[in-house]
Asker: 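Below are the structure tokens for one structure; questions will follow.
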Protein chains: 2
Amino acid sequence: MNKSDDALSLDNQVCFALYAANRAVTARYRPLLADLDLTYPQYLVMLVLWEEGRVGALTRVSDLGRRLRLDSGTLTPLLKRLEERGLLNRQRISQDERVVTLALTDAGWALQKQARSVPQKLLCGVALQPERLQALRQELRAVLTALEGEAGSSD
Amino acid sequence: MNKSDDALSLDNQVCFALYAANRAVTARYRPLLADLDLTYPQYLVMLVLWEEGRVGALTRVSDLGRRLRLDSGTLTPLLKRLEERGLLNRQRISQDERVVTLALTDAGWALQKQARSVPQKLLCGVALQPERLQALRQELRAVLTALEGEAGSSD
DNA sequence: TCAATAAAAATTGTGCACAATTTAATTTCG
DNA sequence: CGAAATTAAATTGTGCACAATTTTTATTGA
């Protein structure tokens with residue numbers, strides 16, 4: 001049996017490539033985010049809050065979950081850590097006491113300034129053309145869409 | 001500031017696409033692997049052992065780590081679980097007592113038969129052409145190579 | 001020789017992910 | 001109205017990842 005024919009061969013698995021590449025990218029982020037004292041998932045949460053807060057929207061935990069594809073089991077403890085650090089406040093809304101909304105503090109907004117240089121720094125020293133990365137991003141979005149069965153072109 | 005220009009926009013981040021796609025793929029695997037009572041990382045370990053055991057090689061924990069880019073902090077407890085389930089044996093070698101080698105049991109080899117249908121089943125119901133997936137795999141390998149600074153075309 | 005160094009795996013501790021369940025609030029509908 | 005169903009978040013428990021340290025064994029070199 002030829003290795004390149006074998007569906008169980010590690011090297012032939014897109015999924016392993018995805019798994020390994022994801023961890024390699026996250027590892028590349030780690031020292032940059034350490035300067036902000038954030039983990040990668042925490043950084044993603046902050047990205048959403050910076051983006052939605054900018055237009056004056058109040059982000060709910062469920063909104064975050066929809067954007068990041070994470071549930072409350074992951075988000076609740078993560079958000080508590082960010083709250084303890086003083087980056088955001090969590091508050092139930094009076095119209096519906098089940099809902100928790102998230103509001104950035106001044107410290108949370110201040111951190112955005114520091115974070116602006118992260119994407120630039122990340123690409124620095126990586127020998128990959130931006131166009132190629134954008135093509136990859138679109139391919140990955142297509143995979144995500146196909147797997148989720150969603151119309152995912154705008155969110 | 002235009003959203004599509006914003007480097008801090010979630011939608012523009014290749015890295016988030018990678019993160020989300022990876023989790024979506026793993027989620028797609030989960031029910032298939034549940035039939036084998038394996039997690040995805042456990043499945044990857046078994047793939048390596050099936051592949052290397054086939055040629056009669058004794059796989060070391062360090063070999064696994066190199067292939068999967070995982071350290072002993074991750075592998076040791078995972079391998080202990082697989083050993084407890086009777087899928088493999090861990091044994092230190094006499095030439096160098098620091099080294100732990102892994103040998104599949106009969107049950108470990110038997111599981112390979114069940115696993116053969118997994119790649120097929122995974123693609124079933126996913127509206128993605130195989131050629132496109134292979135192109136994606138190669139792109140991801142290029143990213144991995146660029147990030148690790150390795151010659152990664154053969155392993 | 002034997003102390004210093006290096007190497008392999010294990011251990012410890014933190015923080016995700018995610019399934020499953022629980023709690024509390026809201027909505028639906030008979 | 002008021003019980004049943006639904007929803008949002010929190011909780012509980014398991015299994016990765018990974019940094020940092022420790023333990024054990026092997027190798028090096030003065």
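Below, each value reflects all heavy atoms present in this structure, side chains not excepted, and no hydrogens, waters or symmetry copies. Just so we're on the same page: letters track the sequence lines, and every chain starts at 1.
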Asker: With a 3.5 Å cut-off and heavy atoms only, can you find an N or O donor on one side and an acceptor on the other between the side chain of B:Ser72 and the base of C:dA8?
Answerer: no
Asker: Please report the interatomic distance CG(B:Leu58) to CG(B:Leu102), rounded to the nearest 0.5 Å.
Answerer: 8.5 Å
Asker: State which of D:dA9, C:dT26, D:dT11 makes the closest approach to the side chain of A:Arg92.
Answerer: D:dA9
Asker: With respect to the phosphate group of C:dG15, does any side-chain polar atom (N or O) of A:Gln42 fall under 4.0 Å of OP1 or OP2?
Answerer: no
Asker: Whole angstroms only, please: what is the CD-C1' distance between A:Gln91 and D:dA9?
Answerer: 15 Å
Asker: Taking only the side-chain heavy atoms of A:Thr76 (C-beta and beyond), determine which of D:dC18, D:dA10, D:dA8 contains the nearest atom.
Answerer: D:dA10
Asker: Report the distance from atom OG of A:Ser62 to atom CZ of A:Arg98, rounding to the nearest 0.5 Å.
Answerer: 10.0 Å
Asker: Nearest to the side chain of A:Leu70 - C:dA10, C:dC18, D:dG15?
Answerer: C:dC18
Asker: How far apart are the closest heavy atoms of B:Leu38 and B:Tyr43, and which atoms are they?
Answerer: CD1-CA, 4.1 Å
Asker: Atom CG of A:Asp96 and atom P of C:dT28: how far apart are they, to the nearest Å?
Answerer: 12 Å
Asker: From C:dA9, C:dC18, D:dG15, pick the nucleotide closest to the side chain of A:Asp71?
Answerer: C:dC18
Asker: In whole Å, I'd like the distance from the CZ atom of A:Arg85 to the C1' atom of C:dT14.
Answerer: 14 Å
Asker: Using the ring of each side chain (for Trp, its six-membered ring), is A:Tyr40 parallel, tilted or perpendicular to A:Tyr29, with breaks at 30° and 60°?
Answerer: tilted
Asker: Would the number of heavy atoms belonging to other residues, nucleotides or ligands and lying under 6.0 Å from CD of A:Gln91 be above 12?
Answerer: no
Asker: OP1, OP2 of D:dC16 versus side-chain N and O of A:Tyr19: anything below 4.0 Å?
Answerer: no
Asker: Is the shortest side-chain N/O distance from A:Ser62 to OP1 or OP2 of D:dT7 below 4.0 Å?
Answerer: no
Asker: What's the closest nucleotide to the A:Pro41 side chain, out of C:dA19, D:dT11, C:dC16?
Answerer: C:dC16
Asker: C:dA8, OP1 or OP2 - any side-chain N/O from B:Arg60 closer than 4.0 Å?
Answerer: no
Asker: Nearest whole Å is fine: how far is C:dA19 P from B:Leu33 CG?
Answerer: 13 Å
Asker: Let me spell it out: for each of B:Leu78 and A:Arg90, pick the nucleotide of DNA chain D with the closest heavy atom. Which residue's pick is nearer the 5' end?
Answerer: A:Arg90
Asker: B:Leu82 CG to D:dG15 P: how many Å, rounded?
Answerer: 11 Å
Asker: Please give, in whole Å, the distance from D:dA10 C1' to A:Leu64 CG?
Answerer: 15 Å
Asker: Rounded to whole Å, how long is the line connecting atom CG of A:Leu38 with atom P of C:dG15?
Answerer: 12 Å
Asker: Can you see which heavy atom on B:Leu36 is nearest to which on B:Arg85, and at what distance?
Answerer: O-NH2, 3.4 Å
Asker: Taking only side-chain N and O atoms of B:Lys80, does any of them lie within less than 4.0 angstrom of OP1 or OP2 on C:dT11?
Answerer: yes
Asker: Whole Å only: how far is the CZ atom of B:Arg66 from the P atom of C:dA7?
Answerer: 12 Å
Asker: On the nucleotide D:dT27, are OP1 or OP2 found under 4.0 Å from the side-chain N or O atoms that B:Arg98 carries?
Answerer: no
Asker: If you find the nucleotide of DNA chain C closest to B:Val61 and the one closest to A:Glu97, which residue's nucleotide is nearer the 5' end?
Answerer: B:Val61
Asker: Would you classify B:Thr74 as touching base, sugar-phosphate or nothing, given that sugar-phosphate means primed atoms plus P, OP1 and OP2, and contacts are heavy atoms under 4.0 Å?
Answerer: base
Asker: Check whether any side-chain N or O of B:Arg23 sits under 4.0 Å from OP1 or OP2 of C:dC18, and answer yes or no.
Answerer: yes
Asker: Nearest heavy atom decides the nucleotide; on that basis, is A:Ala27 or A:Asp63 closer to the 5' end of DNA chain D?
Answerer: A:Asp63
